[in-house]
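Lettering of chains follows the sequences in order, A, B, ..., and the numbering in each one begins at 1.
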Amino acid sequence: MLTVIETRQIFAGETRLERVVFYLASFVAILIFFVGLAFRVRKYFAGRPLDLSRFRRKHLDRDLLGITRPVPVSRSIHEIASNGTVSKRNRGVGLAHLALFWGFLGLLAATTILSLDYDVVGNLTRIFGHHELSFFTGHFYLAYNAIFDLAGLAALVGLVGLIVRRARSTSIALDYKRAQIPEDGYSRARMAAGDLLFAYGLLAILVTGILIQALRIDASRFPPYERWTWMGYAIASAMHGIGISSTSAAAIHLWIWWIHIAMALAFVAYIPWSKAIHIMTAPANLLVRDSSATRRLPANNLDHPGYRSLDDFTSKELLSLDACTKCGRCHSVCPARTGGAPLSPRDLILDLRQWADRSAGLSMVLDWEQRPTASGPLVAGGRLAGDVILPATLWSCTTCMACVEICPVGIEHVPTIVSLRRSLVDEGTMDPTLQSALENLATQGNSFGKSARMRARWAKGLDFDLVDARKQHVEYLWFLGDFASFDERLGEISRILATVLRDAGVSFGILFEDERNAGNDVRRVGEEGLFEMLVEQNLAAFAGADFDKIFTTDPHSFNTLRNEYPVYGLDKPVLHYSEVLLEIMETNEGALANLGGRVTYHDPCYLGRYNRIFEQPRRLVELAGCELVEMPRNRTNSFCCGAGGGRIWMDDSVLTERPSENRMREAAELGVEQFVVACPKDYVMFSDAVKTTGNEGRIKVVDIVELVAEATRLVGAGSAGGEQG
Amino acid sequence: MNIIVAMRQLADLVEELEVDSSGTDIDREFVKFVSNEWDEAALEEALCLKEAYGGTVTVVGIEEVDFHQTLHAALAKGADRAVELTGDFEGWIPTRQRAAALAWFIRECDFDLVLTGVQAADDLNGQLAGAIGAMLGVAHASVVTNISVEGSEAHITQELGGGVTSVSRARLPLVLGVQSARQAPRYVPISRIRQVMAEATIEKVPVTGESFGNTPQVLRLYAPEASGTATMLEGKPKEVASAIYDVLVAKGVAGSRKGN
Ligand code: SF4
Ligand code: SF4
């Protein structure tokens with residue numbers, strides 16, 4: 001810290017006793033720090049070992065850089081250094097945090113250099129040499145002061161910015177209200193107190209640090225070279241100006257020095273027992289985060305299904321629990337929380353952290369939740385998935401990945417949620433509607449409970465025969481998914497897509513009754529065995545067909561086929577129909593007429609956030625001549641329709657507002673005529689939401705292929721451009 | 001307490017059933033067979049009883065398409081023993097024949113309760129439980145929704161007509177037709193079923209020396225012919241209302257507009 005800075009004397013005027021006290025206190029503080037740290041690290045190692053192989057492993061060809069490949073260490077370091085994840089969608093806070101981050105590091109460096117000079121070099125030369133040496137002189141000393149004054153200022157400005165912002169914030173992100181309210185109440189007052197102590201404690205340390213510098217300059221009667229210590233010098237001059245004489249400055253200096261030292265040492269000791277631990281855990285977590293984890297869920301590697309105890313977690317997960325800063329960003333964006341469901345990803349992480357600490361015999365000084373009776377994270381014994389984290393909480397997640405996307409410290413909530421759900425599935429704790437969907441999937445291979453032989457019934461309405469990919473070679477195998485196959489409303493869209501592709505001369509075929517649900521959502525529900533069974537069935541069907549590539553209608557099937565099936569042996573490229581459509585339309589200039597009209601486009605979670613396909617559907621909208629008006633929440637910040645992660649098979653009664661309705665209200669503000677989707681589940685969810693939000697007749701939900709078909713039909717009818725203007 | 005659960009396979013009713021060329025049975029070739037849902041309720045009640053009072057649960061049924069899946073699922077849920085009765089069983093098995101085969105096996109077991117589904121799609125009149133009871137010479141009750149046991153007596157909850165529920169007392173052993181269990185049949189994860197498939201064994205017991213007596217013969221199987229017609233009226237509410245009015249007039253239910 002900006003402590004005892006004198007050209008030659010580190011301890012200026014302190015007695016021998018005071019020096020002993022100082023060294024003893026430092027020793028104790030550092031000891032407490034390292035003991036706390038060791039306890040925490042020991043807790044991480046109680047988990048399953050970190051899989052570092054992904055940093056070495058040869059990657060699958062279709063692993064997409066930045067999506068399913070591990071984040072390169074260099075990029076993580078860059079992101080940590082630039083606070084990139086903190087600035088995401090929050091530039092002000094990002095900048096303030098960046099100033100504090102570098103300022104703090106600077107001051108840490110300053111203290112380290114000082115200690116190196118005095119405690120190491122000084123003491124060694126004094127004991128072993130003839131006279132004590134110091135490099136803390138001359139130009140080095142001047143540059144040191146000039147540079148580290150800057151660090152002090154940056155830290156101060158950043159911290160004050162953050163404190164003011166937090167004090168003025170009315171955002172739900174920071175009010176710490178739980179999404180799931182325990183029956184007999186709870187209190188997070190200590191958590192809030194922990195934040196205040198952290199912020200104002202740091203502030204006090206910074207201010208006293210700067211003050212002692214100024215007092216020292218004042219006391220030493222303003223030596224001219226101290227102008228290099230520009231901030232200290234300026235403050236000293238100001239103090240002198242208001243009448244603090246050099247003599248009184250010298251007297252105050254000693255007091256403030258001790259206060260500063262006491263607070264700084266207390267802070268060091270406090271770090272591993274509080275929110276401040278994120279200084280260490282957050283960068284560590286960003287380094288080991290695995291961007292494939294959510295997209296390609298880990299198989300169940302335990303000898304029992306799902307997480308039950310601390311050692312079922314990976315070390316990485318336990319580390320990430322300690323990295324959470326309670327910033328609440330995930331809490332704000334979560335569609336479950338927004339809809340009034342008893343789930344907040346932040347609360348989930350905090351509950352797990354408190355439970356993990358308790359399980360490891362650890363404790364936080366302040367940053368804990370309290371409850372009048374032991375429940376949730378405070379429960380004694382009890383099931384992890386069921387008592388510590390309630391089933392309703394776990395079942396509320398749509399696996400939309402918004403939390404993972406926004407978390408500044410790189411926490412991956414979704415894989416943990418799924419691992420916990422696996423325990424619930426194992427004991428059969430689930431909605432009856434979900435249970436019957438799973439039973440249907442096991443017996444019929446689809447969630448509709450319809451006979452597998454009905455899968456291609458939608459094609460009966462076509463005026464041509466679809467190619468059977470099991471009998472004839474095709475370029476594309478079209479994998480429809482359950483909704484596009486069985487839902488009455490979507491049959492028509494499947495027929496439109498088939499017709500557009502046929503007209504464009506695309507070679508494609510389907511698997512008829514051999515297609516099974518791809519299992520994306522089955523896996524995310526936590527039914528790993530059923531997922532594996534569906535994978536085996538689909539791979540057997542693929543083996544019996546002749547094709548070069550796969551495209552899917554459903555973004556959920558797309559995700560699992562593209563990212564998860566390769567692990568089980570699929571070696572064909574997988575595309576989404578929007579990619580295929582774009583390729584056709586871009587190579588056929590003039591294929592599309594100008595439809596005109598204002599539309600908005602909704603990014604499906606599994607297409608956008610999961611697989612980074614943002615532009616292809618937008619290009620199609622543009623090619624069809626529609627004016628695209630973006631919703632405020634778009635691309636990586638798209639808001640889930642509420643159907644993912646198996647939610648579509650569950651009861652909605654926990655919700656006060658369906659996410660799809662929330663989204664439709666957002667779209668209604670824009671004054672658009674059409675709401676364009678690229679996902680069958682979206683079509684269903686939003687068609688309902690149009691009705692329930694009273695927007696019928698004002699907004700129409702259309703699939704992207706309907707736009708394309710309409711635009712090609714106009715060309716075909718020779719009325720290209722007829723609708724312009 | 002030892003409980004025997006009799007289960008049976010049925011054509012999955014989500015399939016479109018067709019009559020085969022003989023005209024006396026459904027076409028079994030492409031139909032999927034699943035376990036009878038009421039038998040699943042009987043199994044659930046048996047498992048709940050086992051959890052409450054201890055003992056064993058034995059699941060038994062006749063060799064039918066995919067019956068192994070049902071047995072594996074039952075073992076995965078917690079049944080102790082799975083028995084498949086083999087023999088000369090082809091096509092549709094009349095309930096009486098089924099009851100005789102089951103009774104033949106059960107007679108040799110040490111049992112307190114025999115549970116089976118109150119009915120099945122091919123036994124809508126729910127004969128199975130009664131027939132087994134008669135053949136074993138053991139008391140029988142049907143449409144049971146809950147069972148509790150005290151010593152050598154069972155308390156049986158039954159649904160009666162008119163929204164009335166009765167609880168009666170009977171001495172064990174008993175044969176009961178189960179309408180529903182105290183809780184919905186539990187979910188068993190596929191991974192556990194697969195584990196059971198790899199580890200557990202199904203006992204195959206050939207049914208020998210059993211004559212089934214007088215069993216009925218199916219003469220004709222067919223989809224019921226449409227007996228009435230329904231017309232859907234479409235259009236604006238006003239048009240529909242006037243169309244309904246016209247129909248009523250035509251059928252003589254209401255007077256004609258002009259007539260009044
Ligand atoms: S994945 Fe989506 S629904 Fe689930 S916790 Fe995260 S933000 Fe909420
Ligand atoms: S989990 Fe991440 S986004 Fe959520 S509160 Fe913690 S640090 Fe913030």
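- Ranked by heavy-atom pairs shorter than 4.5 Å toward chain B, the options A/Q444, A/E427, A/K450 are led by A/Q444.
- Nearest heavy-atom pair across A/S447 and A/N440 is O-ND2, 3.7 Å.
- Interface residue B/R186: only backbone heavy atoms are found under 4.5 Å from chain A.
- Heavy-atom neighbours of A/D465 CG from other residues, nucleotides or ligands within 6.0 Å: at or below the threshold of 12.
- For A/E528, no part lies under 4.5 angstrom from a heavy atom of chain B.
- In this structure a side-chain-to-backbone donor-acceptor pair under 3.5 Å is present from A/E564 to A/L297.
- Note: B/E45 CD to B/R182 CZ = 4.0 Å, rounded to the nearest 0.5 Å.
- Only the side chain of A/R453 comes within contact range of chain B, with at least one heavy atom under 4.5 Å from a heavy atom of that chain.
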